[in-house]
**Student:** 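To start, I am sharing the structure in question, which I have written as structure tokens.
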2 protein chains.
Amino acid sequence: MLAKNDGKEFSNYQFPFLIYIYGVDNTILQGYIKNVSERIPDEDLPLLASCAKYIHVKKGEALVKEGELCRSFFLVEKGYLRTWFNKDGVEINLDFTFEGQFTTSRKSIKNHTPSEVTIEAGEKTSVWIFDLDSINNEFGAHPQIVLFIRRLVVHILMMSEEHSDLFKLYTPTERYQYIEKNNPALLQRISLSQIASYLGVTRETLSRIRAKNH
Amino acid sequence: MLAKNDGKEFSNYQFPFLIYIYGVDNTILQGYIKNVSERIPDEDLPLLASCAKYIHVKKGEALVKEGELCRSFFLVEKGYLRTWFNKDGVEINLDFTFEGQFTTSRKSIKNHTPSEVTIEAGEKTSVWIFDLDSINNEFGAHPQIVLFIRRLVVHILMMSEEHSDLFKLYTPTERYQYIEKNNPALLQRISLSQIASYLGVTRETLSRIRAKNH
DNA sequence: ACCAACCTGTGACAATAATCACAATCTGTT
DNA sequence: AACAGATTGTGATTATTGTCACAGGTTGGT
């Protein structure tokens with residue numbers, strides 16, 4: 001049975017490290033859902049919010065592991081998630097997901113293939129999980145939910161394009177300046193070493209870029 | 001009025017260089033549409049195919065220009081389309097779209113903003129155009145079409161992710177080898193100079209990568 | 001066949017980034 | 001306050017890529 005987020009039911013969700021929160025403020029969640037698309041009618045928001053399960057994840061614990069199938073979308077309520085790829089034993093950061101943002105293992109969820117990436121908590125993190133299988137079981141008949149999931153996929157893919165363009169069009173220094181301007185919170189919350197691979201440079205190079213930028 | 005592709009009607013589509021073809025073989029088009037998603041029912045294919053207008057584009061002519069709004073999806077029947085970004089006066093190739101593949105200006109069509117990219121024919125090219133405004137006017141009531149367009153957006157975005165990953169994870173040499181293995185047709189049909197910016201290197205560097213690879 | 005325009009290969013050199021090594025600084029705990 | 005462990009800054013050196021210049025080859029049109 002799926003938690004209804006009304007404080008009256010438990011979830012039997014499989015992760016071993018879940019901590020269930022009662023009476024969480026749902027209006028914030030509904031606002032985050034609304035951000036996915038202006039075109040979601042306000043009257044659908046309570047139903048969509050009820051699809052999500054709220055969990056706590058400790059720093060370093062994974063929501064998706066490399067090689068495992070991913071069937072969920074994750075919405076960060078507090079803290080942040082770090083998505084990384086294992087290249088020859090080295091972790092390459094592909095994404096940081098902060099409060100109010102959605103993420104998932106895009107290829108895994110689309111193609112039903114093992115995830116190539118790991119998604120883990122970068123600090124103590126609270127997450128809303130939209131699990132496709134649970135939703136299908138419980139809410140399969142609701143067209144609003146099916147439509148929301150489609151919009152969510154497009155939303156997440158468009159967001160990730162933004163970061164991709166950085167690599168195709170800009171030099172490492174220009175990438176840093178772009179983040180400085182458009183996502184300064186990232187620079188404040190993530191360590192230089194972690195940001196380096198996210199920008200496609202070594203930590204030494206990023207340190208020097210930062211030094212030249214005053 | 002929209003051409004019905006049955007050879008009985010003309011389109012008044014606005015591009016000045018259109019050549020209308022009558023009695024084009026629709027089964028190939030339907031096959032391309034089916035490639036977007038296995039889940040499209042076969043009985044919907046004739047309707048979806050009827051949304052498309054068939055045009056010819058001469059080499060170098062643009063279907064989407066930087067600064068213009070893009071409201072269409074393009075499916076290449078023959079030839080290829082080249083999508084490029086103007087960086088400080090230099091053309092950076094972002095995408096090559098070959099027979100059976102779809103493309104569009106993703107950000108423009110999603111956000112209703114001027115296109116940042118230009119999409120033009122790399123050689124004499126035949127294209128099926130799915131124009132959103134025409135489709136809305138003529139077929140707005142058909143839920144199969146609305147669903148197809150959503151699937152098409154996801155399909156195109158997922159394809160473009162493939163190319164983005166090249167930049168985030170691999171060196172220029174590794175990118176070349178990836179293309180060699182996974183898209184050898186591209187290397188045969190596109191000139192070295194054009195491929196260079198697509199791989200994020202200068203033409204001299206790509207020439208040397210190719211030389212070392214035998 | 002000829003020519004002009006374009007494309008490709010390659011050398012010399014400059015600029016940029018990676019690698020290695022280590023010092024300095026920061027952080028959290030006791 | 002003192003310490004250990006992690007993070008960051010920086011110099012020296014190497015490797016990679018870009019820039020500039022030009023030679024040779026290819027292509028398409030008359």
**Student:** Between D/dT7 atom P and A/Leu192 atom CG, what is the distance in whole Å?
**Tutor:** 11 Å
**Student:** What is the distance, rounded to the nearest whole Å, between atom NZ of B/Lys212 and atom P of D/dT17?
**Tutor:**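 It works out to 8 Å between those atoms.
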**Student:** Verify the contact: side-chain N or O of A/Ser193 to OP1 or OP2 of D/dT8, cut-off strictly under 4.0 Å; return yes or no.
**Tutor:**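 Affirmative; the distance criterion is met.
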**Student:** In whole angstrom, what separates B/Tyr170's OH from D/dT17's C1'?
**Tutor:**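 Roughly 21 Å, once rounded to whole Å.
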**Student:** Please compare A/Gln194 and B/Thr173 by the position of their nearest nucleotide in DNA chain D and report the one closer to 5'.
**Tutor:** A/Gln194
**Student:** Over 60° means perpendicular and under 30° means parallel, so classify the ring planes of A/Trp128 and A/Tyr54, tilted if in between.
**Tutor:** tilted
**Student:** Mind checking if A/Thr202 touches a base, just sugar-phosphate, or nothing, with heavy atoms under 4.0 Å?
**Tutor:**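 A/Thr202: base contact, heavy atoms under 4.0 Å.
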**Student:** Would you mind reading off the distance between B/Ile209 atom CD1 and D/dG18 atom C1', rounded to a whole angstrom?
**Tutor:** 12 Å
**Student:** Chain B on DNA chain C: first and last contacting nucleotide, 5' to 3', under 4.0 Å to a heavy atom?
**Tutor:** C/dT8 to C/dA12
**Student:** To the nearest Å, give me how far apart CG (A/Leu206) and C1' (D/dT7) are.
**Tutor:**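 The answer, rounded to whole Å, is 13 Å.
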**Student:** Look at the rings of A/Phe102 and A/His155 and say which category their plane angle falls in: under 30° parallel, 30 to 60° tilted, over 60° perpendicular.
**Tutor:**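 Perpendicular, since the angle between the ring planes exceeds 60°.
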**Student:** Rounded to whole Å, how long is the line connecting atom CZ of A/Arg210 with atom C1' of D/dT8?
**Tutor:**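 These atoms are roughly 9 Å apart.
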**Student:** More than 12 heavy atoms of other residues, nucleotides or ligands under 6.0 Å from NZ of B/Lys59: is that the case?
**Tutor:**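 Counting other residues, nucleotides and ligands, NZ of B/Lys59 stays at 12 neighbours or fewer.
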**Student:** How far apart are the closest heavy atoms of A/Ser164 and B/Lys168, and which atoms are they?
**Tutor:** OG-NZ, 3.4 Å
**Student:** Between A/Ser37 and A/Arg151, is there a donor-acceptor pair closer than 3.5 Å when you use the side chain of the first and the backbone of the second?
**Tutor:** no
**Student:** What integer distance in Å separates B/Lys59:NZ from D/dG29:P?
**Tutor:** 10 Å
**Student:** Do any side-chain nitrogens or oxygens of A/Ser207 fall under 4.0 Å of OP1 or OP2 in D/dG9?
**Tutor:** yes
**Student:** When the distance from CZ of B/Arg203 to C1' of D/dG18 is rounded to whole Å, what number comes out?
**Tutor:** 12 Å
**Student:** Taking A/Lys78's backbone N and O only, do any of them form a donor-acceptor pair with A/Ser126's side chain (distance below 3.5 Å, no angle check)?
**Tutor:** no
**Student:** Of A/Thr171 and A/Glu204, whose nearest nucleotide on DNA chain C comes first from the 5' end?
**Tutor:** A/Thr171
**Student:** Please work out which of the three classes, parallel, tilted or perpendicular, describes the rings of A/Phe167 and A/His163, given edges at 30° and 60°.
**Tutor:**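 The arrangement is perpendicular - the two ring planes meet at more than 60°.
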